[in-house]
2 protein chains.
Amino acid sequence: MTAQSAGTDTRGLRERKKLETRSALRAAAVRMYLERGPAAVTVQDICEAAGVSQRTFFNYFETKDDAVFDWDRRLAGQLVELLTARPASEPPLEAVHRTLRTALPALVADAGWRERRRLLGAYPELVPKLLHSNSHLAEALAEAVAERTGLPPDALYPRLLAGAGLTVLRSSIRAWDPESPAEDLLAVLDSCFASLAAGLPRPESDDPVHSAR
Amino acid sequence: MTAQSAGTDTRGLRERKKLETRSALRAAAVRMYLERGPAAVTVQDICEAAGVSQRTFFNYFETKDDAVFDWDRRLAGQLVELLTARPASEPPLEAVHRTLRTALPALVADAGWRERRRLLGAYPELVPKLLHSNSHLAEALAEAVAERTGLPPDALYPRLLAGAGLTVLRSSIRAWDPESPAEDLLAVLDSCFASLAAGLPRPESDDPVHSAR
DNA sequence: CTGCAGTGCTGCAAAAATGCACTACTGTAG
DNA sequence: CTACAGTAGTGCATTTTTGCAGCACTGCAG
């Protein structure tokens with residue numbers, strides 16, 4: 001039970017292997033999805049490419065598509081950590097805002113993430129599946145908010161705030177052209193949170209952001 | 001291609017049969033889920049109880065659990081209709097609020113709905129599955145909001161508002177004790193929308209609603 | 001009454017997902 | 001070095017889900 005050491009290997013050979021297998025599965029899945037489309041890829045295919053058994057695949061991922069959306073497990077941990085680190089004096093909504101703002105640039109810079117983003121554009125039927133994958137994120141975030149505010153973990157306010165925050169995140173990402181720079185995404189995000197803080201007023205008819213895309 | 005007639009039978013014998021089959025499947029599923037728990041019920045069981053083939057089950061529902069959450073397909077249609085009917089002068093957030101407020105009492109009064117609500121309490125692992133079922137609702141609602149505001153159907157603001165509204169709905173329902181009267185639920189809902197309109201401020205430490213449950 | 005089109009229901013086969021029991025290897029302690 | 005505990009990976013059986021193609025019934029037209 002030692003604290004984690006350097007960043008390269010989070011722990012012995014065992015952990016490393018696990019990470020590798022996960023990556024291999026994810027990479028194979030994303031690649032094949034892009035090449036042939038989701039329907040034409042079987043779990044079998046992915047497993048052969050990664051050199052593991054089918055059963056192992058479902059040991060790592062709940063569904064076939066989850067392999068492609070793997071990122072939000074890591075995201076959840078990161079967000080919780082960042083949120084917990086925000087000063088307690090900060091109003092909750094602002095804390096969530098700044099948390100997402102901090103996490104986003106690294107996320108969108110990731111080449112793999114961009115690939116998955118393109119995948120969602122090419123195969124919209126995947127979007128609903130992603131949502132399920134998000135429910136875990138919502139729970140984690142709500143818990144962190146509860147922690148911050150000193151409310152019970154299953155209280156109403158934390159769920160509300162976490163849900164609203166993730167809605168902002170999803171909407172922003174969806175409205176953002178993945179080819180444009182990360183700053184644009186941050187601008188959209190800021191605009192969304194501003195709108196939320198103002199109580200979601202009817203947008204000005206000349207507001208380019210809220211009618212975008 | 002005639003318009004629909006009275007409310008009892010939406011069209012000939014054929015339609016009626018379809019509705020009956022759907023009900024039978026839903027009813028059987030809910031009953032067995034409550035009796036033995038989801039894991040101990042196979043699609044096979046449900047089909048035998050309803051007198052149809054397994055293939056037919058998946059003709060009506062996407063997944064085993066969907067049969068239990070069937071209600072939100074009907075809900076989506078109702079909400080869109082109600083929202084469209086709100087006066088155009090009403091601010092969007094308020095319109096969504098009043099829409100949900102109007103739809104909720106009938107919903108919670110439904111005996112079947114209460115059964116399903118109890119199911120969610122007894123088997124929390126079902127909650128994430130319900131979420132997937134909700135993505136359809138979010139789309140429909142966003143479209144209706146876009147209509148109201150004159151924004152393009154895939155614009156940012158409609159998605160944001162619809163997402164926030166549904167988050168409120170989900171959170172409220174989740175925080176509401178299904179044994180207590182519907183007025184309580186409306187009170188929670190109102191409180192959530194008030195909080196949202198105020199920009200989700202940190203709740204007062206003596207606020208009983210936001211720390212509830 | 002008879003025939004036709006539409007479409008609901010079904011069986012069948014393949015793929016996705018899950019529970020269970022077992023093997024083998026890692027990391028640790030003696 | 002050796003024994004042990006923990007757990008990743010596997011095979012197998014079962015259930016869930018999906019695509020496809022044929023059968024059968026409803027509603028309509030002649």
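Quick note: numbers below take in every heavy atom, side chains included, and nothing from hydrogens, waters or symmetry partners. Only a predicted model underlies this, so the values are computations on that prediction, with no experimental measurement involved.
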Does the protein touch nucleotides 6-12 of chain C at the base, only the backbone, or not at all? Give it as B, S and - per nucleotide, heavy atoms under 4.0 Å. BBSSBBB
Give the rounded distance in Å between these two atoms: CZ of A:F58 and C1' of D:dT14. 14 Å
For the backbone of A:P87 and the side chain of A:R148, can you confirm whether one donor and one acceptor N or O come within less than 3.5 Å of each other? yes
Return the value, rounded to whole Å, for the distance between atom NZ of A:K129 and atom P of D:dT17. 11 Å
Using a strict threshold of under 4.0 Å (side-chain N to carboxylate O), is an ion pair present between B:D45 and B:R36? yes
Just grab all the ring-ring contact (aromatic ring centres under 6.0 Å, His included) pairs involving residues 14-61 of chain B, residues at least two apart or on different chains. B:F57-B:F61
Nearest whole Å is fine: how far is D:dA8 P from A:R22 CZ? 12 Å
How many whole angstroms separate atom CZ of A:R16 from atom P of D:dG9? 14 Å
Round to the nearest Å and state the distance from A:K64 atom NZ to C:dT18 atom C1'. 17 Å
Between A:R159 and A:E139, does any side-chain N to carboxylate O distance fall below 4.0 Å? yes
So do the side chains of B:L104 and B:L169 get within less than 4.5 Å of each other, counting heavy atoms only? yes
Specify the separation, in whole Å, of atom CD of B:Q44 and atom P of D:dA13. 20 Å
Rounded to the nearest Å, what distance is computed from the CD atom of residue A:E20 to the C1' atom of nucleotide D:dG9? 15 Å
Listed partners of A:R22 passing side-chain hydrogen bond (donor to acceptor under 3.5 Å, both in side chains), at least two apart: A:D70
Whole-Å distance separating the CG atom of B:D45 from the P atom of D:dT14: 15 Å
